[in-house]
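Each residue takes its place number in the sequence, starting with 1.
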Amino acid sequence: MKTIQKTAIALAASGLFATAAFAQTAPAAAPEAPEVSPITANVTVTNDYRYRGITQTNYQPAIQGGFDYAHESGLYIGNWNSTINWVANATSNGVQAPIEMDFYGGFKKELIAEGFASDFGVLQYYYNTTGGNYNNALVNPNTTEIYAAQNFTFGPVTGFVKVNYALTNIFGAPNSSGSFYPDLTANYDTGIWGVSLNGHVGYQYIAGQPNTPTGWSATPNNISYTDWKLGATKDFGGGLSLSAAYVSTNANPVWWNTYTKGGTSAGRPGAVVSLTKTF
């Protein structure tokens with residue numbers, strides 16, 4: 001009887017030690033990756049807010065930021081904001097709009113293949129203008145556009161082709177509904193120090209071609225233009241990145257002007273440096 005008990009105890013003990021040994025040598029289960037939040041936010045400081053090659057801040061610094069909500073279905077909405085001064089400068093008669101607020105929503109999904117997301121949406125530029133009146137060259141700057149884009153990925157090269165179409169007057173230009181902006185943006189990941197190279201070219205067609213206002217110097221009536229950009233972005237990790245680019249246009253300097261004392265072309269060549277934090 002005692003022999004049987006000893007044998008049973010020995011077997012139980014050996015099983016216990018074997019279990020303990022296995023627990024010590026087996027790799028720990030990998031922790032589950034945290035769920036990716038559908039909401040992201042961003043904050044940027046820049047030496048000059050350029051949009052489609054045109055300075056929105058008279059070559060002065062700007063503070064920018066916004067948020068995005070993306071649903072797994074592909075639907076998304078977002079808001080983005082920036083300090084500006086071009087509205088007040090362009091009217092020169094008391095109209096103030098220190099902030100640009102953009103509201104957008106759409107659908108983005110990889111419909112063709114992985115790395116090739118198609119994007120369709122609507123974008124509202126809103127300027128909370130106060131005081132004064134518009135002049136004969138500028139109407140209410142609030143603008144509504146629809147857009148379609150095709151993103152692409154070819155190894156280290158990513159980017160998109162996109163077309164924006166204005167359903168309203170565009171940025172205060174009279175009779176300009178139907179204006180459009182096609183553009184191509186490409187980025188090349190060098191694989192070195194988190195640096196990517198950036199390139200962009202776009203063409204802003206302005207419908208309705210406003211006549212040159214009385215009192216302005218003679219100029220060709222065409223105010224459509226091409227803009228381009230070459231630059232680089234450094235990814236520091238943790239959502240922090242620094243970008244620097246050379247930006248230029250062939251915009252008509254009489255229409256696209258800073259409208260300040262001694263004002264110059266709002267699309268002249270220049271360097272744009274931005275620091276962005278994404279959360």
Side-chain angles (χ1 to χ4, degrees), residues 37-70 76-90 95-106 108 119 121-130 141-145 147 149 159-160 162 164 170-172 181 183 185 187 194 196 198-200 202 204 227-249 251 256 258-260 266-279:
S37 173
I39 300 177
T40 57
N42 58 85
V43 176
T44 297
V45 290
T46 181
N47 70 313
D48 179 18
Y49 170 25
R50 293 275 193 128
Y51 188 65
R52 297 179 182 173
I54 302 297
T55 181
Q56 311 293 296
T57 53
N58 190 20
Y59 303 107
Q60 299 301 308
I63 299 176
Q64 306 167 334
F67 75 92
D68 296 275
Y69 171 82
Y76 65 87
I77 59 172
N79 162 249
W80 185 85
N81 314 275
S82 179
T83 55
I84 61 168
N85 61 22
W86 74 266
V87 174
N89 292 342
V95 176
Q96 297 293 322
I99 297 177
E100 171 190 332
M101 293 180 282
D102 300 344
F103 302 93
Y104 50 88
K108 185 176 182 180
D119 187 5
V122 59
L123 169 60
Q124 175 67 46
Y125 307 84
Y126 177 71
Y127 305 90
N128 186 23
T129 57
T130 59
N142 293 340
T143 302
T144 303
E145 291 183 331
Y147 57 84
F160 59 85
K162 184 176 182 180
N164 287 53
I170 186 168
F171 308 128
Y181 182 78
D183 71 292
T185 294
N187 308 292
S196 62
N198 319 122
H200 158 85
Q204 180 63 76
D227 73 286
W228 56 92
K229 177 181 77 172
L230 291 174
T233 299
K234 162 65 177 176
D235 184 357
F236 294 98
L240 184 65
S241 63
L242 177 68
S243 64
Y246 173 84
V247 181
S248 188
T249 76
W256 303 104
T258 59
Y259 304 111
T260 55
R268 73 189 186 204
V272 176
V273 180
S274 303
L275 181 66
T276 299
K277 172 66 176 177
T278 302
F279 304 90

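The shortest side-chain heavy-atom distance between Pro141 and Thr129 falls under the 4.5 Å cut-off.
Side-chain atoms of Asp68 never come within 3.5 Å of backbone atoms of Pro38 as a donor-acceptor pair (strictly under, hydrogens ignored). The backbone N or O of Val273 lies less than 3.5 Å from a partner atom in the side chain of Asn47, making a donor-acceptor pair. In terms of modelled atom types and a separation under 3.5 Å, the side chain of Asp235 and the main chain of Gly237 share a donor-acceptor contact. Side chain of Asn85 to main chain of Thr57: a donor-acceptor pair is present (N/O by atom type, distance under 3.5 Å, no hydrogens or angles).
Tyr246 and Pro269 get closest at one heavy-atom pair: OH-CB, 3.1 Å. Contact between Ile54 and Ala251 at its shortest, heavy atoms only, is CD1-CB, 3.9 Å. Ile84 and Val87 get closest at one heavy-atom pair: CD1-CG2, 4.2 Å. Of all heavy-atom pairs between Tyr104 and Trp80, the closest is CE2-N, 4.2 Å. Minimum interatomic distance between Ala97 and Tyr127 (heavy atoms only, all atoms of both residues): CB-CB, 4.1 Å.
Classification of the Tyr126-Phe103 ring pair by plane angle, with boundaries at 30° and 60°, yields tilted.
Atoms CD1 and CD1, on Ile99 and Ile63 in that order, are 10.0 Å from each other to the nearest 0.5 Å. Put simply, OH on Tyr69 and OG on Ser37 are 9.0 Å apart, with the number rounded to the nearest 0.5 Å. Rounded to the nearest 0.5 Å, atoms OG1 (Thr144) and CG (Asn142) are 8.0 Å apart. From Leu275, atom CG reaches atom CG of Leu242 across 6.0 Å, with rounding to the nearest 0.5 Å. Taking OG1 from Thr276 and CG from Leu240, the interatomic distance works out to 8.5 Å, rounded to the nearest 0.5 Å. We find the CG-CD1 distance between Asn164 and Ile170 to be 8.0 Å, quoted to the nearest 0.5 Å.
A donor-acceptor contact closer than 3.5 angstrom links the side chains of Tyr49 and Glu100. For Ser274 and Thr46, the side-chain atoms include at least one donor-acceptor pair closer than 3.5 Å. Using modelled atom types and a 3.5 Å distance limit, the side chains of Asn198 and Thr233 yield a donor-acceptor pair. Defined by atom type and a distance below 3.5 Å, a donor-acceptor pair is present between the side-chain atoms of Gln64 and Ser82. No side-chain donor-acceptor contact under 3.5 Å links Gln96 and Thr130.
Applying the side chain to side chain donor-acceptor pair (under 3.5 Å) criterion to Tyr76, with sequence neighbours excluded, gives Asp119, Tyr147. A search for side chain to side chain donor-acceptor pair (under 3.5 Å) contacts involving Thr258 returns Thr260, not counting sequence neighbours. Among residues two or more places apart in sequence or in another chain, the side chain to side chain donor-acceptor pair (under 3.5 Å) test is passed with Ser241 by none. Partners of Tyr181 according to the side chain to side chain donor-acceptor pair (under 3.5 Å) rule, which considers only residues two or more places apart in sequence or in another chain, are His200, Asp227. Not counting sequence neighbours, the partners of Asp48 by the salt bridge (charged side-chain N to carboxylate O under 4.0 Å, His left out) test are Arg50. Listed by chain and residue number, nothing satisfies the salt bridge (charged side-chain N to carboxylate O under 4.0 Å, His left out) test with Arg268 (two or more places apart in sequence, or in another chain).
Heavy-atom contacts from other residues, nucleotides or ligands closer than 6.0 Å to NZ of Lys162 number more than 12.
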Kindly indicate, with the supporting measurements, whether the criterion side-chain contact (heavy atoms from CB on, under 4.5 Å) is fulfilled by Asn79 and Asp102.
CA-CA 6 Å; Asn79 162 249; Asp102 300 344; 5.6 Å; no
For Trp86 and Phe171: C-alpha separation, side-chain torsions, deciding distance, then whether side-chain contact (heavy atoms from CB on, under 4.5 Å) applies.
CA-CA 10 Å; Trp86 74 266; Phe171 308 128; 4.2 Å; yes
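Ion pairing between a basic and an acidic side chain is recognised when a charged N comes within 4.0 Å of a carboxylate O; Arg52 and Glu145 show such pairing.
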